[in-house]
2 protein chains.
Amino acid sequence: MSNNQFRKGELYSFITGKASVAIARRLQKNFKEAGVEATVEQWSILYHLWKEDGRSQQQLCDATFRDKPSVTRLVDNLEKNKLVKRVGDKKDRRINLIYLTPEGRRMEEEAMRVANQTLNEALAGVSEKNIDLAKVVLQKVYDNLQGML
Amino acid sequence: MSNNQFRKGELYSFITGKASVAIARRLQKNFKEAGVEATVEQWSILYHLWKEDGRSQQQLCDATFRDKPSVTRLVDNLEKNKLVKRVGDKKDRRINLIYLTPEGRRMEEEAMRVANQTLNEALAGVSEKNIDLAKVVLQKVYDNLQGML
DNA sequence: TTGTATTAGTTGCATAAACAACCGTATGAG
DNA sequence: CTCATACGGTTGTTTATGCAACTAATACAA
């Protein structure tokens, strides 16, 4: 069955995902330099709220590929830093809707500018075509692994 | 300078690296099912020791893209689980050389089998050519970000 | 209507990461 | 030789993840 033997080093690189670790580290550093007071993980939650405010924690789980405890605690920290606020859903009292505070909304422009700049640094010298191809491969990997749960 | 505007969702996917997170989660699950008693992070250290035993912690930092405290604590846990042993270097007393225990050595075959199988699951249906291309893109991303430190 | 299953969210515990500050050892210039 | 500097490793603190167990609220079937 192992018709797919990997060349030396390939296995390790794919599994450890050093490229995405490097991007996250750089984004964190760039946030700090730009005075954006949030972690990359917190940014990933804010990112989805900027697109559509007032999502439930469960929706944020699905959007960010995290489990429920992770989102609970990210929201805890975002709330502590006064960037979002939990509001109980009136129709279904199990649900927390997460809303941006004015400070949370204010952060969007600069944070997204830094995120785009960081991705430009990361992808410098890579053609559009190859970016698309890598994207397709990574999406396929993700789909392969999701499907088998 | 933002000649490289990203399509919707692309920025988020690249930065959060969901594919490599998914691979790591699957590998952890497969380890568990196969009775391999180690975390993916611990495996990443063992992987390099299986290739060459008796490396220093600093060498393991370089090999695994981790900082010194991270490796210190991974080695702490590996030592606690009796998979490796710290041995002081005789020539330079600052250095710890990390050696596999018999149990650590015994784990290699099964762990590498599971790792290869996991990568096969992840890359099912992706052509050799596209795997290579994705690899090149990810390496370029890594190099871009390393260079600018 | 009652009782069971499902859903949303939280808490506890172990592991890991980043960053800064620190200690002991080695090195090399003067 | 001595002292500043660099190097290898450890510790403390904060943040985040995964898993399992749990609570509260809802849905739904009998």
Side-chain angles (χ1 to χ4, degrees), chain A residues 16-18 20-33 37-46 55-81 83-84 86-98 145 149, chain B residues 16-18 20-33 37-45 55-81 83-84 86-98 149:
Chain A
T16 55
K18 63 177 182 170
S20 53
V21 170
I23 292 182
R25 284 206 273 240
R26 171 58 55 89
L27 179 58
Q28 190 66 69
K29 191 182 153 217
N30 287 350
F31 275 163
K32 196 172 185 182
E33 283 173 10
E37 300 266 352
T39 66
V40 172
E41 294 82 6
Q42 291 170 6
W43 168 82
S44 77
I45 298 283
L46 294 172
R55 302 199 192 201
S56 72
Q57 292 186 201
Q58 184 58 55
Q59 288 175 315
L60 291 171
C61 289
D62 299 338
T64 62
F65 324 111
R66 288 185 171 84
D67 68 355
K68 292 189 292 176
S70 294
V71 170
T72 292
R73 279 146 180 158
L74 286 176
V75 172
D76 285 348
N77 283 332
L78 285 165
E79 216 171 18
K80 203 169 63 186
N81 300 344
L83 294 169
V84 307
R86 281 181 171 93
V87 177
D89 186 312
K90 265 144 194 128
K91 307 203 165 142
D92 186 338
R93 293 190 316 175
R94 293 172 298 182
I95 295 177
N96 289 335
L97 298 175
I98 313 300
L145 297 176
L149 291 179
Chain B
T16 56
K18 63 177 181 171
S20 53
V21 171
I23 292 182
R25 284 206 273 240
R26 171 59 55 91
L27 179 58
Q28 189 66 70
K29 190 183 153 218
N30 288 351
F31 275 164
K32 197 173 184 178
E33 282 172 13
E37 300 265 353
T39 66
V40 172
E41 293 81 6
Q42 289 169 8
W43 168 83
S44 78
I45 298 283
R55 302 198 190 201
S56 72
Q57 293 186 200
Q58 184 58 55
Q59 289 175 314
L60 291 171
C61 290
D62 299 338
T64 62
F65 323 112
R66 287 183 172 86
D67 67 356
K68 293 187 292 175
S70 295
V71 169
T72 292
R73 278 145 181 160
L74 286 176
V75 172
D76 285 348
N77 283 333
L78 285 166
E79 216 171 17
K80 203 169 64 186
N81 301 344
L83 295 169
V84 307
R86 281 181 170 94
V87 177
D89 186 311
K90 265 146 194 128
K91 307 204 168 142
D92 185 339
R93 292 191 316 174
R94 292 171 302 181
I95 296 177
N96 288 335
L97 299 175
I98 313 300
L149 292 177

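Each chain gets a letter, A, B and so on, in the order its sequence line appears, and its residues count up from 1. Heavy atoms only: backbone and side chains are in, while hydrogens, waters and symmetry mates are out.
- A donor-acceptor distance shorter than 3.5 angstrom exists from the side chain of A:Asp92 to the backbone of A:Arg94, with no hydrogens or angles considered.
- Residue contacts for B:Asp67: at a heavy-atom cut-off of 4.0 Å it reaches a base atom on one of the strands shown.
- For the pair B:Leu74/B:Arg66, a side-chain contact is recorded, criterion being any heavy-atom separation below 4.5 Å from C-beta on.
- Sequence order on DNA chain D of the closest nucleotides to A:Glu41 and B:Ser56 puts B:Ser56 first from the 5' end.
- Backbone-only engagement by A:Asn77 is indicated by non-hydrogen atom pairs under 4.0 Å involving sugar-phosphate atoms exclusively.
- If you take CD1 of A:Ile95 and C1' of C:dT7, they are 9 Å apart, rounded to a whole angstrom.
- B:Thr16 and A:Ser44 share no donor-acceptor pair across their side chains, judged by distance under 3.5 Å alone.
- As a whole-Å value, the separation of A:Arg73 CZ from C:dA16 C1' is 14 Å.
- Among the heavy atoms of the strands lying under 4.0 Å from B:Thr39 are primed sugar atoms or P, OP1, OP2 only; no base atom is included.
- Distance, A:Leu97 CG to C:dA8 P: 12 Å, rounded to whole Å.
- Straight-line distance from the CD atom of A:Gln58 to the P atom of C:dT10: 11 Å, rounded to whole Å.
- Counting only residues at least two apart or in different chains, salt bridge (charged side-chain N to carboxylate O under 4.0 Å, His left out) contacts with residues 68-81 of chain B comprise B:Asp76-B:Arg86, B:Glu79-B:Arg86.
- Within the nucleic acid shown, A:Asn96 comes within 4.0 Å of sugar-phosphate atoms alone, with no base atom in reach, counting heavy atoms only.
- Contact of the A:Phe31 side chain with the A:Gln42 side chain is not registered, since no non-hydrogen atoms from C-beta on lie closer than 4.5 Å.
- Atom pair A:Lys91:NZ and C:dA8:C1' shows a separation of 18 Å (rounding to whole Å applied).
- Side-chain atoms of B:Pro69 lie closest to C:dC19 of the nucleotides C:dT10, C:dA8, C:dC19.
- The CD1 atom of B:Ile45 sits 13 Å away from the C1' atom of C:dA17 (whole-angstrom rounding).
- B:Thr64 OG1 to A:Lys18 NZ: the interatomic distance, rounded to the nearest 0.5 Å, is 11.5 Å.
- Looking at which nucleotide of DNA chain C each of A:Asp76 and B:Lys68 is closest to, the 5′-most match is held by A:Asp76.
- Residue A:Lys32 is the one, among A:Lys32 and B:Lys90, whose nearest nucleotide of DNA chain C lies closer to the 5' end (criterion: closest heavy atom).
- Listed by chain and residue number, A:Gln58 satisfy the side-chain hydrogen bond (donor to acceptor under 3.5 Å, both in side chains) test with A:Asp62 (two or more places apart in sequence, or in another chain).
- Panel note: side chain A:Gln28, backbone A:Val40; a donor-acceptor pair is recorded below 3.5 Å.
- B:Arg93 comes within 4.0 angstrom of sugar-phosphate atoms only, judged by non-hydrogen atoms across all strands, and of no base.
- Ranking C:dA8, C:dC19, C:dA16 by closeness to the A:Arg94 side chain, first place goes to C:dA8.
- Using a 4.0 Å cutoff to heavy atoms of chain A, the contacted part of DNA chain D runs 5' to 3' from D:dT15 to D:dT26.
- For the pair B:Arg66 CZ and C:dC19 C1', the interatomic distance rounds to 16 Å; values are reported in whole Å.
- Across C:dA17, C:dT10, C:dT15, the shortest atom-to-atom separation from the side chain of A:Arg25 is found for C:dA17.
- Along DNA chain D, the nucleotide nearest to A:Lys80 and the one nearest to B:Gln28 differ in position, and the one closer to the 5' end is contacted by A:Lys80.
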